[in-house]
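Read through the structure below, which is laid out as structure tokens, and then see the notes.
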Amino acid sequence: MAASSFTTFTPKPTRLCFADQSMGSECFRSVSFPSRFHSLKSLESTIQVQSSRLDVMVRAGGTSEKTEVDISLSPRVNSVKPSKTVAITDQATALVQAGVPVIRLAAGEPDFDTPAVIAEAGINAIREGYTRYTPNAGTLEVRSAICHKLKEENGLSYTPDEILVSNGAKQSILQAVLAVCSPGDEVIIPAPFWVSYPEMARLADATPVILPTLISENFLLDPKLLESKLTEKSRLLILCSPSNPTGSVYSRKLLEEIAQIVARHPRLLVLSDEIYEHIIYAPATHTSFAALPGMWERTLTVNGFSKAFAMTGWRLGYLAGPKHFVAACGKIQSQFTSGASSISQKAAVAALEMGYAGGEAVSTMVKAFRERRDFLVKSFGELEGVKISEPQGAFYLFLDFSSYYGAEAEGFGIIENSESLCRYLLDKAQVALVPGDAFGDDKCIRISYAASLSTLHAAVERIKKAVVPLWPPIPV
């Protein structure tokens with residue numbers, strides 16, 4: 001496969017036809033969109049339109065008229081990049097469905113089934129007719145259960161009106177950014193970052209300010225760097241611990257140093273993304289930022305059920321924070337999606353009743369994740385030139401493969417960056433990974449170990465077979 005091609009097949013053009021029943025069956029409009037997908041870079045441009053005008057032929061009553069339709073998009077949408085993780089996952093799935101034996105390690109989705117007690121609660125909700133709209137903020141039952149969880153596990157005191165339940169933690173984060181950021185505000189984001197943070201800032205007409213971290217420091221934010229970058233425009237600092245994509249965990253001591261800096265800036269709020277809090281490996285421990293002295297009033301805590309409880313498809317997350325901010329997020333949600341699924345909320349109550357940190361079911365999953373992490377760290381540690389920061393949480397390994405850049409792969413071309421390395425591995429090894437440039441660090445690639453140990457064994461074998469011939473790289 002040529003270096004410029006990401007896949008081994010070319011989809012056929014898509015033809016869309018629209019019939020106008022009010023003008024008779026002979027009146028029609030048709031538009032053809034050629035489907036091209038030559039590289040990962042095309043993920044950022046596949047929906048670009050060459051012209052903001054579309055010629056449409058309308059035929060009715062034996063006459064034809066040519067009408068120009070404005071198909072331009074808003075500047076806000078044009079400023080946003082599509083999610084690379086979603087696109088790569090979808091493409092890998094399409095390849096599998098086409099018969100290509102691709103190992104998919106791109107998605108951030110647990111491979112376990114939702115625990116039975118949670119699934120039964122959802123099934124019972126359906127059987128008992130609990131299928132209607134709920135209050136916009138979520139049922140009192142689930143919000144009360146969340147308050148209890150936050151008090152017992154995180155040392156945080158909230159009332160139900162300080163909780164907003166949404167269709168996934170992603171919605172919770174976006175609504176929080178939209179609610180507190182004004183045009184021109186700065187959103188401070190340590191890199192590597194979850195792919196959606198900068199795009200959410202842009203959707204709010206805010207400016208993402210990226211603060212790089214080092215693999216030698218386990219990808220943790222340097223408080224001195226943070227302090228040097230804060231301005232009067234700084235509105236929101238986003239922290240994710242355990243981290244996607246690195247698996248890094250912020251210690252309480254480091255968070256306290258960050259909190260002291262935050263306290264000196266009255267406009268600065270903190271969004272603490274804690275979706276991976278239960279997927280953590282001892283001796284690492286989780287600390288909620290809002291639990292630190294003076295931080296409750298300025299912290300928006302986001303969590304959910306997708307990761308720890310293997311409930312990705314149930315789409316349920318929540319925001320906890322001061323009532324003023326939560327009410328603002330609720331206002332957005334009321335005009336956006338309204339309340340989350342009634343069935344999922346019943347299932348969430350069952351999840352929160354499983355015991356501290358999810359009880360035995362969650363601890364069993366975490367034990368499996370740890371075993372997989374240990375295998376991957378050992379395996380990639382055997383490869384020359386690969387730098388590793390051992391994850392302390394989540395289920396990702398963020399590997400520095402930059403020493404391989406510049407190598408020439410036979411029949412492929414030059415490995416120039418994380419994108420071309422991932423294209424090469426998909427082509428040569430048939431393993432789908434995510435390039436680090438999607439997360440703000442082009443030196444690395446992300447591997448999700450939310451897959452069985454046998455699958456990971458096969459993936460490592462394929463990857464090693466593909467990259468060993470590239471070492472040592474001889475720049476061309």
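The chain is numbered in sequence order, starting from 1. All values reported here derive from a predicted model rather than from experimental measurement.
For residues 248-272, there are no ring pair (Phe, Tyr, Trp, His ring centres under 6.0 Å) pairs, not counting sequence neighbours. Here ring pair (Phe, Tyr, Trp, His ring centres under 6.0 Å) pairs that include residues 329-349, with residues two or more places apart or in two chains, number zero.
Remark: the backbone N or O of A290 is not paired with any side-chain donor or acceptor of R298 at under 3.5 angstrom. Listed for the S228 side chain is a donor-acceptor partner under 3.5 Å among the backbone atoms of L225. With hydrogens and angles disregarded, no donor-acceptor distance shorter than 3.5 Å links the side chain of R104 to the backbone of V431. In this structure, the side chain of R446 does not engage the main chain of L397 through any donor-acceptor pair within 3.5 Å. In terms of modelled atom types and a separation under 3.5 Å, the side chain of R235 and the main chain of D185 share no donor-acceptor contact. Under a 3.5 Å cut-off, the side chain of S342 and the backbone N or O of Y133 do not form any donor-acceptor pair. Without hydrogens or angle criteria, Q392 side chain to E390 main chain gives a donor-acceptor distance under 3.5 Å. At least one donor-acceptor pair under 3.5 Å links the side chain of Q345 to the backbone N or O of A340. A distance-only check finds a donor-acceptor pair linking the side chain of S341 to the backbone of S344 [under 3.5 Å].
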task: For ring-ring contact (aromatic ring centres under 6.0 Å, His included), just list the numbers for W296 and F289, CA-CA rounded to whole Å, side-chain angles, deciding distance to a tenth of an Å, and then say yes or no.
output: CA-CA 8 Å; W296 187 96; F289 196 83; over 10 Å; no
task: Evaluate the side-chain contact (heavy atoms from CB on, under 4.5 Å) criterion for residues L236 and L268: first the C-alpha distance (whole Å), next the side-chain angles of each, then the deciding distance (0.1 Å), finally the verdict.
output: CA-CA 6 Å; L236 189 64; L268 187 60; 5.6 Å; no
- request: Give the C-alpha distance, both sets of side-chain angles, the deciding distance and a yes or no for side-chain contact (heavy atoms from CB on, under 4.5 Å) between L426 and L95.
  value: CA-CA 10 Å; L426 183 59; L95 286 170; 4.1 Å; yes
query: After noting the C-alpha distance and the side-chain angles of Y130 and T139, does the key distance pass the side-chain contact (heavy atoms from CB on, under 4.5 Å) rule?
result: CA-CA 12 Å; Y130 198 78; T139 66; 3.2 Å; yes
field: ring-ring contact (aromatic ring centres under 6.0 Å, His included) between Y396 and Y449, intermediate numbers included
entry: CA-CA 6 Å; Y396 308 106; Y449 49 91; 7.4 Å; no
query: Can E153 and H278 be said to form a side-chain hydrogen bond (donor to acceptor under 3.5 Å, both in side chains), step by step?
result: CA-CA 10 Å; E153 297 180 2; H278 290 327; 3.2 Å; yes
query: Would D437 and K84 satisfy salt bridge (Lys or Arg N to Asp or Glu O under 4.0 Å), going step by step from the backbone distance to the final call?
result: CA-CA 10 Å; D437 69 338; K84 245 178 203 183; 3.1 Å; yes
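The pair K229-E186 does not count as a salt bridge, with every side-chain nitrogen at least 4.0 angstrom from each carboxylate oxygen. Of the charged side-chain nitrogens involved, at least one lies within less than 4.0 Å of a carboxylate oxygen, so that D161 and K323 count as a salt-bridged pair. Using a cut-off of 4.0 Å between Lys/Arg side-chain N and Asp/Glu carboxylate O, R372 and D111 are scored as salt-bridged. Using a 4.0 Å cut-off between a side-chain N of Lys or Arg and a carboxylate O of Asp or Glu, R202 and E199 qualify as a salt bridge.
Closest of all the heavy-atom pairs between G436 and F398 is CA-CZ, 4.0 Å. Taking every heavy atom of both residues into account, P110 and F369 meet most closely at CB-CZ, 4.2 Å. Across all their heavy atoms, A259 and M295 have their closest contact at O-CE, 3.6 Å. What you find for S288 and N154 is that their closest heavy atoms are OG-ND2, 2.9 Å. Of all the heavy atoms in I388 and G381, the pair that sits closest is CD1-N, 3.5 Å. Across all their heavy atoms, S234 and I188 have their closest contact at OG-CD1, 4.0 Å.
Heavy-atom neighbours of E461 CD from other residues, nucleotides or ligands within 6.0 Å: at or below the threshold of 12. Residue-environment remark: NZ (K428) stays at or below the threshold of 12 foreign heavy atoms within 6.0 Å.
Under 3.5 Å, the side chains of S83 and T85 contain a donor-acceptor pair of N or O atoms. N417 and S420 share a side-chain donor-acceptor pair at under 3.5 Å. A donor-acceptor contact closer than 3.5 angstrom links the side chains of Q175 and Q171. Looking at S248 and N218, their side chains never bring a donor and an acceptor atom within 3.5 Å of each other. Between the side chains of E162 and T159, a donor-acceptor pair is found at a separation under 3.5 Å. Judged purely by distance below 3.5 Å, without hydrogens or angles, the side chains of S243 and S241 never pair a donor atom with an acceptor atom. Using modelled atom types, one finds no donor on one side chain facing an acceptor on the other under 3.5 Å when comparing S338 with N136.
Annotation: cation-pi geometry satisfied between R373 and Y281 (NZ/CZ under 6.0 angstrom from ring centroid, within 45° of ring axis).
Going from atom SG of C329 over to atom CD1 of I332 covers 5.5 Å, rounded to the nearest 0.5 Å.
With sequence neighbours left out, H457 forms a ring pair (Phe, Tyr, Trp, His ring centres under 6.0 Å) with F375.
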Indicate every side-chain donor-acceptor pair of residues 302-311 with a distance under 3.5 Å to a residue at least two apart or in another chain.
residue: N303; atom: ND2; partner: E274; partner atom: O; Å: 3.2
residue: N303; atom: ND2; partner: E277; partner atom: OE2; Å: 2.8
residue: K307; atom: NZ; partner: G108; partner atom: O; Å: 2.6

Which pairs of donor and acceptor atoms, one on a side chain in residues 350-368, lie under 3.5 Å apart (sequence neighbours left out)?
residue: S363; atom: OG; partner: G359; partner atom: O; Å: 3.4
residue: S363; atom: OG; partner: E360; partner atom: O; Å: 2.9
residue: T364; atom: OG1; partner: E360; partner atom: O; Å: 2.9

For residues 464-472, run the donor-acceptor check on the side chains, cut-off 3.5 Å, and write out each pair with its distance to 0.1 Å, sequence neighbours left out.
residue: K464; atom: NZ; partner: S379; partner atom: O; Å: 3.3
residue: K464; atom: NZ; partner: E382; partner atom: OE1; Å: 2.8

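Looking at I189, I238, N244 one by one, the single match for side-chain contact (heavy atoms from CB on, under 4.5 Å) with W194 turns out to be N244.
Looking only at side-chain heavy atoms (C-beta outward), I173 and L271 come within less than 4.5 Å of each other. The side-chain heavy atoms of D442 and P435, taken from C-beta on, include no pair separated by under 4.5 Å.
Less than 6.0 angstrom separates the ring centroid of Y424 from the ring centroid of F412.
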